[in-house]
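Comments concern the structure below.
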Amino acid sequence: MVEINIFLDEDDRFNDIPLYEYILQYLLHHKINGATIFTAMGGYGTKHHLHFPRKFGGSDEGPLMIMFIDNEEKVKNILPHLKEIIKEGLIIKKNVEVI
């Protein structure tokens, strides 16, 4: 099995919808077993801009991580499109054992 972690910002968009929403719809359409979105308390990316979206009622859009696990073949088929639409995010792939 393969685990994919996608790091992006809450305000990233694809066409007119949030990128995280588009990715979940894409994964569902391709029958990926399941996916979860995690929100972070804070973080920063390659631009080194600190994000603390929920601190002191801030309006800053925060970092997110989408995680999913499926077999190698299914993941291999969907990764090219994910790489294409994720412009500033990070995609991490690792082999995992599901027990």
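Note: hydrogens, waters and symmetry copies are ignored here, and every other heavy atom, side chains too, is used. Everything numeric in this text was worked out from a predicted model, so none of it was measured.
- Asn95 is linked by a side chain to side chain contact (heavy atoms under 4.5 Å, CB included) to Val2, Glu72, counting only residues two or more places apart in sequence or in another chain.
- Ile85 is connected to Ile66 through a chain of hydrophobic side-chain contacts under 4.5 Å among Ile, Leu, Val, Met, Phe, Trp and Tyr, so both are in one cluster.
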Task: side-chain contact (heavy atoms from CB on, under 4.5 Å) assessment of Gln25 paired with Ile23 - done: CA-CA 5 Å; Gln25 290 174 359; Ile23 291 171; over 6 Å; no

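- Checking each of Leu19, Ile37, Leu64 against Glu10 for a side chain to side chain contact (heavy atoms under 4.5 Å, CB included) leaves exactly one that passes, namely Leu64.
- The salt bridge (charged side-chain N to carboxylate O under 4.0 Å, His left out) check on Glu73 picks up Lys76, with sequence neighbours excluded.
- Distance check, rounded to the nearest 0.5 Å: CG of Leu79 to CD1 of Ile86 gives 9.0 Å.
- Scored by the side chain to side chain donor-acceptor pair (under 3.5 Å) test, Asn5 finds Glu3 as partners (sequence neighbours excluded).
- Partners of Glu88 by salt bridge (charged side-chain N to carboxylate O under 4.0 Å, His left out), not counting sequence neighbours, listed by chain and number: Lys47.
- Among residues two or more places apart in sequence or in another chain, the side chain to side chain contact (heavy atoms under 4.5 Å, CB included) test is passed with Lys31 by Lys74.
- Between Phe68 and Ile78, the closest side-chain pair of non-hydrogen atoms falls below 4.5 Å.
- By the ring-ring contact (aromatic ring centres under 6.0 Å, His included) test, His30 pairs with Tyr26, sequence neighbours left out.
- Through direct or relayed side-chain contacts under 4.5 Å between Ile, Leu, Val, Met, Phe, Trp and Tyr, Met1 connects to Phe7, Phe38, Met65, Met67, Ile69, Leu90, Ile92, Val96, Val98.
- Nearest heavy-atom pair, Pro63 versus Asp9, reported as atom, atom and distance to 0.1 Å: CA-OD1, 4.0 Å.
- With sequence neighbours left out, the ring-ring contact (aromatic ring centres under 6.0 Å, His included) criterion links Tyr22 to Phe14, His81.
- Looking only at distances, a side-chain donor or acceptor of Asp70 sits under 3.5 Å from a matching main-chain atom of Asn33.
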